[in-house]
*Asks:* 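Just passing along the structure, written as structure tokens.
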There are 2 protein chains.
Amino acid sequence: MGPRDKFSIEPLYVQVRNLLAQRLASGVWPPGSMLPNEMELARELGVSSGTVRKALDSLESDRLIVRRQGRGTSVVDQASGDAAARFSNIRNGEGRRIGGDMELISQIKAVATATERQRLQLAAGDFVLRSTRLRRYRNQLFMHEDAVLAMSRFPGLDEKNAGTLRISALAQRHGIHLAKASERVTLEEVSAQSAERLDIDLHTRLLKLDRVVYAAGGYPVEWRVAFCSLKEDMLYLAEMV
Amino acid sequence: MGPRDKFSIEPLYVQVRNLLAQRLASGVWPPGSMLPNEMELARELGVSSGTVRKALDSLESDRLIVRRQGRGTSVVDQASGDAAARFSNIRNGEGRRIGGDMELISQIKAVATATERQRLQLAAGDFVLRSTRLRRYRNQLFMHEDAVLAMSRFPGLDEKNAGTLRISALAQRHGIHLAKASERVTLEEVSAQSAERLDIDLHTRLLKLDRVVYAAGGYPVEWRVAFCSLKEDMLYLAEMV
DNA sequence: GCGAATTTGTGCGTATGTATT
DNA sequence: TAATACATACGCACAAATTCG
């Protein structure tokens with residue numbers, strides 16, 4: 001890596017962090033595998049071990065890697081375990097996040113509407129992939145959702161099964177690191193169509209979850225509007241720090 | 001501070017962090033004031049500047065202090081600005097958190113019920129302070145809340161005006177550092193009494209916000225159940241990271 | 001079961017960069 | 001401009017956890 005590049009404003013440890021993040025995204029070190037140890041990385045990149053440590057600190061706080069003393073550093077699998085439902089605030093009785101099983105209802109590729117362009121920060125003419133899905137938990141239908149994917153953020157997107165994957169898995173396949181999401185929670189009367197699909201009475205009160213998921217670069221990748229009927233032993237839990 | 005104490009498992013920088021946190025809580029450095037610089041702290045405590053830096057990193061990430069290069073390190077005022085509404089997910093149109101103006105309706109000191117003991121992790125016989133309040137934003141009534149304060153966590157609590165202060169201000173006065181909160185969001189039909197107080201029709205759809213606020217030690221300090229009628233230009237926004 | 005090797009974590013010290021006053 | 005204070009970068013030594021022979 002050599003001495004600090006005068007033309008890049010970024011501190012060296014940030015450059016290292018970004019380089020490693022890029023490698024993680026590229027699949028050089030697949031999910032679950034081990035990274036080279038810190039000294040080796042420092043040698044290879046020509047920086048001090050302290051600089052590598054700061055870079056790894058950053059990657060760890062972004063949940064891209066996990067480190068364990070005496071063991072080493074491994075790559076987090078975003079598509080399995082708790083990471084897969086990271087952006088769901090629906091939890092079961094034990095407090096674990098619920099993703100649920102998805103059933104794709106319909107899917108269509110289209111030019112983004114004005115609203116979609118606004119929410120996903122897209123340009124005119126950009127394409128989106130709209131998916132309508134149902135979600136079940138323990139065979140109970142609890143959610144109906146319309147998800148809109150910004151296709152330009154997913155180069156080489158496989159449109160065939162994109163709608164059947166949750167955003168965490170899809171992002172990992174495309175080397176995209178998800179960073180955060182913000183979800184607007186409101187109460188809304190359910191539409192006749194949704195009521196039928198969720199098998200509930202019209203006028204039943206539902207949670208409307210309007211969520212945008214952002215990638216590490218700060219740009220939005222998915223906009224989803226879901227109607228959720230909280231079943232017994234399910235709750236919406238917002239953590240504030 | 002000297003060499004590492006063999007009987008305390010904590011790393012030195014954690015010990016320094018806790019010592020400084022304690023000083024902050026004690027009011028030695030009041031909100032808004034400047035801390036001694038890093039080298040001075042290191043000299044005074046007899047540790048390296050790197051250790052002080054790690055301690056300050058931790059305090060900063062816990063939002064107890066803010067550091068600015070070239071300027072120094074100052075103490076965050078938890079009772080004003082955004083910090084005061086840190087545990088409210090209700091936001092206005094510009095995305096700023098809304099605390100609102102509080103109007104105390106009633107207040108009573110009592111022995112904790114079983115539910116209160118459970119939510120606040122109290123022992124039998126512990127006292128709580130129950131406050132019922134209304135909240136307004138721009139003269140619009142939007143929230144009715146029942147707050148339960150664990151009195152044992154607030155030594156020397158001034159019962160007279162405890163109910164009129166928001167939890168962030170109250171905690172700061174008692175040298176308690178708030179760390180996190182978790183809020184259960186559900187839909188519930190409003191009670192007749194709440195409906196009257198919020199000046200809305202019965203059967204209007206409301207958000208029920210059931211929130212517990214935790215201090216830095218991990219113990220709960222306040223349990224609050226609120227019914228919120230989201231007015232125009234207000235929204236509930238949950239951030240996920 | 002024990003000890004050696006490996007790997008991350010902690011702690012120290014120093015030099016230099018950069019933003020603020 | 002000069003002084004101050006935090007930020008970055010380097011390097012070394014040792015501690016603690018894990019793994020493996």
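Please read all numbers here as calculations on a predicted model, not as lab measurements. Each chain gets a letter, A, B and so on, in the order the sequences are listed, and its residues count up from 1.
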*Asks:* Would you please name every residue forming a salt bridge (Lys or Arg N to Asp or Glu O under 4.0 Å) with A:E183, sequence neighbours left out?
*Replies:* A:R224
*Asks:* For a quick check of understanding: with a heavy-atom distance under 4.0 Å over all strands, which category does A:S49 fall into, base, sugar-phosphate or nothing?
*Replies:* nothing
*Asks:* What is the separation between atom CE on B:M39 and atom P on C:dG13, rounded to the nearest whole Å?
*Replies:* 13 Å
*Asks:* So, applying side-chain contact (heavy atoms from CB on, under 4.5 Å) with A:V75, which one of A:L24, A:L59, A:V28 is it?
*Replies:* A:L24
*Asks:* Can you check the A:L12 CG to C:dT18 P distance for me, whole Å?
*Replies:* 12 Å
*Asks:* Using OP1 and OP2 only, check whether a side-chain N or O of B:R71 sits under 4.0 Å from D:dC6.
*Replies:* no
*Asks:* Of B:R67 and A:G70, whose closest DNA chain D nucleotide lies nearer the 5' terminus?
*Replies:* B:R67
*Asks:* Among C:dT10, D:dA5, D:dC10, which nucleotide sits nearest the side chain of B:Y13?
*Replies:* C:dT10
*Asks:* For the atom pair OH (B:Y214) and CE (A:M240), what is the distance rounded to the nearest 0.5 Å?
*Replies:* 11.0 Å
*Asks:* Measure from the side-chain heavy atoms of B:V47 and tell me the nearest of D:dC10, C:dT8, C:dC12.
*Replies:* C:dC12
*Asks:* If we only count heavy atoms from C-beta on, is the A:R96 to A:D82 side-chain gap below 4.5 Å?
*Replies:* yes
*Asks:* Not counting sequence neighbours, which residues clear side-chain contact (heavy atoms from CB on, under 4.5 Å) with A:A79? List them please.
*Replies:* A:D77, A:A169, A:Q172
*Asks:* Using whole Å, what does the distance between atom P of nucleotide D:dG11 and atom CG of A:L45 come to?
*Replies:* 13 Å
*Asks:* Please tell me if B:T51 has a side-chain N or O lying less than 4.0 Å from either OP1 or OP2 of C:dT10.
*Replies:* no
*Asks:* Ignoring backbone atoms, test whether A:R53 places a side-chain nitrogen or oxygen under 4.0 Å from the OP1 or OP2 oxygen of C:dT8.
*Replies:* no
*Asks:* Below the 4.0 Å mark, does D:dT8 have OP1 or OP2 next to a side-chain nitrogen or oxygen of A:K54?
*Replies:* yes
*Asks:* Please state how far atom CD in B:Q15 lies from atom C1' in C:dT10, giving the value in whole angstrom units.
*Replies:* 12 Å
*Asks:* Rounding to an integer number of Å, can you tell me how far B:R68 CZ sits from C:dT20 P?
*Replies:* 7 Å
*Asks:* As a test of reading the structure: which of D:dC10, C:dG11, D:dT8 is closest to the side chain of A:P11, going by heavy atoms?
*Replies:* D:dT8
*Asks:* Going through the checks in order, is the side chain to side chain contact (heavy atoms under 4.5 Å, CB included) test met by B:R63 and A:V241?
*Replies:* CA-CA 10 Å; B:R63 302 192 229 191; A:V241 290; 4.0 Å; yes
*Asks:* Got a second to check how far A:L230's CG is from A:M143's CE, nearest 0.5 Å?
*Replies:* 8.0 Å
*Asks:* Taking only side-chain N and O atoms of A:T73, does any of them lie within less than 4.0 angstrom of OP1 or OP2 on C:dT7?
*Replies:* no
*Asks:* Need one value for A:G72: base, sugar-phosphate or nothing, where a base atom within 4.0 Å counts as base even if backbone is also close, heavy atoms only.
*Replies:* sugar-phosphate
*Asks:* Give the rounded distance in Å between these two atoms: CG of B:L41 and P of D:dA5.
*Replies:* 11 Å
*Asks:* Rounding to an integer number of Å, can you tell me how far B:N37 CG sits from C:dT21 P?
*Replies:* 15 Å
*Asks:* Measure the angle between the two terminal helix axes of the helix from C:dC2-D:dG21 to C:dT21-D:dA2, five base pairs each, and quote it to 10°.
*Replies:* 10°
*Asks:* How long is the line joining CD of B:E38 and C1' of D:dT8, in whole Å?
*Replies:* 12 Å
*Asks:* Could a donor-acceptor pair under 3.5 angstrom be found where the side chain of B:Q69 meets the base of C:dG17?
*Replies:* yes
*Asks:* State which residue, out of A:N37, A:D57, A:L41, fulfils the side-chain contact (heavy atoms from CB on, under 4.5 Å) condition with A:V52.
*Replies:* A:L41
